[in-house]
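Report on one structure; see the data block that follows.
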Amino acid sequence: METPLTTQQTQVPEPKTPAEIATRPPLPPFTRETAIQKVRLAEDGWNSRDPAKVALAYAIDSRWRNRAEFPNGRQEIIQFLKRKWAKELDYRLIKELWAFNGNRIAVRFAYEWHDDSGHWYRSYGNENWEFNDDGLMALRFASINDLPILESDRKYHWPLGRRPDDHPGLSDLGL
């Protein structure tokens, strides 16, 4: 079972200079603690649903596989995320560390969202990440499946944005 990190442990100050934008702590090689921190920072970023902010965690030439899409570079990532969050409304995500080694992290995740017709889904998946020496994600491979759910089956009820520290994680929710 994951030990949740506090808000103070998971928030990295916003970058202010080009040099600060070029690195994204924690840096590899990862320990268990820094891998958990990196996963939570990624979760927090995606829960912001701010494509430009999220893209700063990825290398300029980052390569992705997300389902059947293959974005390359920050600009394509930003466009991908804009399309994603225009379709996946009221998006809330939980990520959990699965494994790590050196500059690689594997996570499992689940997120809930609804479409513009009000149909709810829980999307489950796994991601494999590889980071460069600056802590920016250079490779991201995501496999995702969508499960239609009833609104009454939702498990994520926090206000839009960052998951509260006291909200259960995936293992605690039985997911």
Side-chain angles (χ1 to χ4, degrees), residues 1-81 84-85 91-111 123-145 162-165 167-175:
M1 199 167 303
E2 300 288 331
T3 303
L5 298 173
T6 66
T7 302
Q8 184 179 13
Q9 291 171 303
T10 61
Q11 291 182 339
V12 172
E14 289 294 317
K16 295 170 184 61
T17 68
E20 290 176 315
I21 292 171
T23 62
R24 194 70 163 207
L27 305 177
F30 298 110
T31 64
R32 182 176 193 288
E33 292 74 25
T34 60
I36 289 170
Q37 185 179 17
K38 198 72 159 178
V39 171
R40 182 60 193 248
L41 288 166
E43 175 188 313
D44 292 349
W46 281 64
N47 276 328
S48 77
R49 297 180 336 276
D50 180 339
K53 178 181 176 183
V54 171
L56 292 175
Y58 299 92
I60 295 288
D61 58 351
S62 185
R63 292 183 302 133
W64 285 20
R65 185 197 75 224
N66 194 93
R67 301 178 192 251
E69 289 193 61
F70 299 85
N72 288 300
R74 282 190 186 157
Q75 290 309 309
E76 287 186 23
I77 290 168
I78 289 168
Q79 294 311 310
F80 167 86
L81 293 172
K84 173 184 179 60
W85 290 320
Y91 175 98
R92 290 171 178 84
L93 165 73
I94 299 176
K95 291 183 182 280
E96 186 174 279
L97 176 67
W98 185 255
F100 69 96
N101 186 18
N103 69 335
R104 292 181 172 170
I105 295 177
V107 299
R108 63 189 202 91
F109 63 88
Y111 61 90
S123 299
Y124 297 94
N126 300 293
E127 292 176 306
N128 296 313
W129 302 339
E130 184 174 286
F131 294 86
N132 65 22
D133 291 341
D134 295 318
L136 297 168
M137 195 180 301
L139 299 172
R140 175 183 174 268
F141 303 106
S143 298
I144 307 166
N145 298 296
R162 186 179 191 279
R163 176 173 54 104
D165 290 333
H167 190 283
L170 291 179
S171 292
D172 299 324
L173 291 168
L175 299 175

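We use all heavy atoms of the structure for the numbers below, so side chains are in, but hydrogens, waters and symmetry mates are not. Quick note: residue numbers are just sequence positions, from 1.
Atom CD in Glu96 sits 8.0 Å away from atom CG in Asp172 (nearest 0.5 Å). Here the CD-CG distance, from Glu33 to Leu97, works out to 10.5 Å after rounding to the nearest 0.5 Å. Atom CZ in Phe131 sits 8.5 Å away from atom CG in Asn103 (nearest 0.5 Å). From Leu139, atom CG reaches atom CH2 of Trp129 across 13.0 Å, with rounding to the nearest 0.5 Å. Here the CD1-NZ distance, from Ile77 to Lys84, works out to 13.0 Å after rounding to the nearest 0.5 Å. Rounded to the nearest 0.5 Å, atoms CD1 (Ile78) and CG (Leu56) are 7.5 Å apart.
The shortest side-chain heavy-atom distance between Thr34 and Phe100 does not fall under the 4.5 Å cut-off. Pro168 has its side chain out of reach of Ile94: every pair of non-hydrogen atoms, C-beta onward, lies at least 4.5 Å apart. Side-chain contact check for Arg63 versus Glu76: every heavy-atom pair is 4.5 Å or farther apart. For the pair Pro28 and Glu130, the minimum side-chain heavy-atom distance is 4.5 Å or more.
In this structure, Phe109 and Tyr111 have parallel ring planes: the angle between them is below the 30° cut-off, well short of the 60° mark. Relative ring orientation between Trp85 and Tyr91 is described as perpendicular, the plane-to-plane angle rising above 60° on a 0-90° scale split at 30° and 60°.
Checked by atom type and distance alone, the side chain of Asn145 never pairs as donor or acceptor with a backbone atom of Tyr124 at under 3.5 Å. No donor-acceptor distance shorter than 3.5 angstrom exists from the side chain of Glu69 to the backbone of Phe80, with no hydrogens or angles considered. With Lys38 contributing its side chain and Gly135 its backbone, the two residues share a donor-acceptor pair below 3.5 Å. Remark: side-chain polar atoms of Arg74 are paired, donor with acceptor, to backbone N or O of Tyr58 under 3.5 angstrom. For the pair Asp134 (side chain) and Leu136 (backbone), a donor-acceptor distance under 3.5 Å is absent. Here the side chain of Glu43 pairs a donor or acceptor atom with the backbone of Lys95 at under 3.5 angstrom. Within the 3.5 Å criterion, the main-chain N or O of Ser143 finds no donor-acceptor partner in the side chain of Asn126.
For the residue pair Asn66 / Arg140, a side-chain donor-acceptor distance below 3.5 Å is found, with atom types taken as modelled.
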Apply side-chain contact (heavy atoms from CB on, under 4.5 Å) to the pair His167 and Leu173, showing each step before the final yes or no.
CA-CA 10 Å; His167 190 283; Leu173 291 168; 4.1 Å; yes

So Arg163 and Arg40, side-chain contact (heavy atoms from CB on, under 4.5 Å) or not? Walk me through it. CA-CA 9 Å; Arg163 176 173 54 104; Arg40 182 60 193 248; 3.3 Å; yes

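The environment of CG in Asp133 is sparse: at most 12 heavy-atom neighbours from other residues, nucleotides or ligands sit within 6.0 Å. Annotation for Arg65: atom CZ counts as buried by contact number, over 12 foreign heavy atoms lying within 6.0 Å.
Closest non-hydrogen pair, Asp44 versus Arg162, comes out as OD2-NE, 2.9 Å. In terms of heavy atoms, Asn132 sits closest to Ala59 at ND2-CB, 3.8 Å. Looking at every heavy atom in both residues, Pro26 comes nearest to Leu41 through CD-CD1, 3.8 Å.
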